[in-house]
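Below is one structure, written out as structure tokens; the observations come after it.
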Amino acid sequence: MQAQFDPDTERYTVVVSKTFYIETFGCQMNAHDSEKVIGTLEHEGYIQVPDEAEAGLILYNTCSIRDKAEQKVFHRLNEYKRMQGEGKKFAVIGCVAQQEGERIFERAPYVSIVAGSASYRNLPSMLARLEAGENRITGLDDRQTDQTFDTEFTVRSNPHRGYITIIEGCDKFCAYCVVPYTRGKERSRTSASVLVEARRMADQGFTDIQLLGQNVNSWRDPSGRLSFAELLSAVGNIPGIRRVRFTTSHPRDFTRDIVEAIDATPALCDHVHLPVQSGSSSVLHAMSREYTREWYLERMSWIHAAKRDISITSDMIVGFPGETDADFEETITLLGAVRYDAVFAFKFSPRPNTPAVHMADSISDEVKSERLRILNDRQREIQREHYARHLGQTIEVMVESFNPARGQVVGRSTQNKTVNFTQAEGLSQPPIGSYLPVQITRTMPNCLIGEAAPGSVPLQATRTPQPFVVLN
Ligand code: SF4
């Protein structure tokens, strides 16, 4: 709703307009998809509201990666049900929408739109049909689409750090993963279109860019001009860009020139997230990961040999069907061999429509939980020792927030570590999005603690940041 002033009557009138509320779950790709969906809706004349009670259209951007995702979605839709009498419309989008398809209409008949991420480019026509009174609109493109969701309208919620999707979909078909079925086949954007977007973002005041893809280093330039490593360097060399990250990488496509690019380009962050999933070659084979423990360790040796101290993080799954005690032990020894800076570990749970659903889930939940505990304990010990290398270092931190309870500024290092620090007495709090050197005085297993280096002046974005950005 908006208030409009009528100069003739000198009175305000309330205008009911097209309003929407969006709720987002899942990974950075989903978060960035929501930014694009918001931009598209705003271009179609909708106004975003912060509360579902005020919205005419409620969108629910779903994630299907974790256990019981569908149940959680239907549970949430059930909560929406009580609002159906208020004339609200509902849209379920994202991975669970693609996975469950029209079944959503059967279980939640008050939902009007069900659309997977490969169909978002058709949102304007879906909204037009909704406004015309249709109430069962689907956007469920299958894997055959060749189009990217390269909308020219993107509303970025953070004025300093922004995402750019460079590749959508996945062709790897790991046995446990739903992504190839929910997000379609791999479609890369041209290097020219990525670089145009990155330069515009730099002009608008963004200093930190994250290149995204479900399988980001599978990116292949459709114009054949640049390799992935060359694209990283090109984005990193744009004036005004201070940090570039990329996620998520696949070991199969991880090449040595990526490490060389990080060594040669100061703006590329000292961080590689390279999910291994298991330390056992036989489990990796069962997972259809297309590499072995030795292949993975060779890539680790390139990173360890780099001139810069590159932090390494990973995802791991414990209790995959058939994982023996000996296989699990190989995962534990891998932790020691790599010395990760962080590991995100999960118990295996079968996802609908994936090959792993048909494998006998031979490991009991009790054993999975115990393996997860052992893994997390071991990793915590490694992090405790490994983070100690930062003691006494002065590192550059990007300011993200302020913790008033502790009187600390919270920021992030180029290695993607959280740094909590204090300012010298009498100095004002540094602006969000600024960079400053921090001397590390204490290290914890999951964060670093320090003090702003004496005499340091926060470095701010060289251009004026804008809270919301519309690209065209
Ligand atoms: S590489 Fe494997 S885990 Fe990653 S998105 Fe593709 S299928 Fe899923």
Side-chain angles (χ1 to χ4, degrees), residues 25-33 61-67 69-70 94-99 116-118 141-145 148-149 163 165-189 210-220 228 245-255 258 272-293 295-296 299 312-321 323 331 334 340 343-359:
F25 289 84
C27 62
Q28 289 159 318
M29 291 283 286
N30 251 20
H32 186 40
D33 279 352
N61 190 359
T62 58
C63 166
S64 59
I65 212 81
R66 297 278 163 252
D67 194 16
E70 317 73 60
C95 292
V96 175
Q98 182 67 42
Q99 179 187 298
S117 61
D141 279 3
D142 59 15
R143 285 188 52 77
Q144 299 319 310
T145 183
T148 50
F149 180 31
Y163 301 126
T165 305
I166 65 167
I167 176 170
E168 293 178 36
C170 179
D171 290 344
K172 288 286 192 289
F173 291 95
C174 300
Y176 52 83
C177 182
V178 291
V179 166
Y181 311 96
T182 58
R183 287 189 166 264
K185 64 179 180 180
E186 287 182 355
R187 291 102 64 200
S188 294
R189 287 173 59 183
Q210 304 202 6
L211 303 179
L212 294 184
Q214 223 74 47
N215 215 343
V216 73
N217 58 334
S218 288
W219 178 84
R220 297 290 175 271
F228 177 68
R245 300 185 193 279
F246 54 97
T247 194
T248 292
S249 299
H250 193 290
R252 183 76 216 167
D253 300 313
F254 194 87
T255 49
I258 297 173
V272 170
H273 182 66
L274 198 60
V276 67
Q277 309 300 3
S278 170
S280 153
S281 294
S282 66
V283 174
L284 289 171
H285 179 70
M287 289 176 166
S288 306
R289 288 289 288 175
E290 300 182 354
Y291 56 86
T292 59
R293 175 188 174 98
W295 170 282
Y296 184 85
R299 270 118 203 101
I312 308 169
T313 56
S314 183
D315 300 333
M316 289 189 176
I317 296 172
V318 296
F320 190 77
E323 182 190 70
T331 296
L334 189 88
Y340 290 107
V343 167
F344 307 95
F346 304 95
K347 292 190 281 186
F348 168 75
S349 68
R351 310 303 304 124
N353 310 325
T354 61
V357 163
H358 307 294
M359 299 177 181

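Heavy atoms only: backbone and side chains are in, while hydrogens, waters and symmetry mates are out. In listed order, ligands and their atoms are each counted from 1. This chain uses plain numbering: 1 for the first residue, then up along the sequence.
- Side chain of Thr182 to main chain of Gln99: no donor-acceptor pair is present (N/O by atom type, distance under 3.5 Å, no hydrogens or angles).
- Contact detail for Glu168 and Thr165: the closest heavy-atom pair is CG-CG2, 3.7 Å.
- Using modelled atom types, no side-chain atom of Trp295 and backbone atom of Glu290 make a donor-acceptor pair closer than 3.5 Å.
- Checked by atom type and distance alone, the side chain of Arg351 pairs as donor or acceptor with a backbone atom of Ser64 at under 3.5 Å.
- Close to ligand 1: Arg289, with a non-hydrogen atom less than 4.0 angstrom away.
- Each of the atoms 1 (S) of ligand 1 lies under 4.0 Å from some heavy atom of His250.
- The side chain to side chain contact (heavy atoms under 4.5 Å, CB included) test applied to Ser218 returns Ile167, Lys172, Glu186, Asn215, Asp253, not counting sequence neighbours.
- Atom 8 (Fe) of ligand 1 has Cys177 SG as its protein N, O or S neighbours under 2.8 Å.
- When all heavy atoms of Pro275 and Arg289 are compared, the pair lying nearest together is O-NH2, 3.1 Å.
- With hydrogens and angles ignored, the 3.5 Å screen pairs no side-chain donor or acceptor of Arg252 with any backbone N or O of Tyr291.
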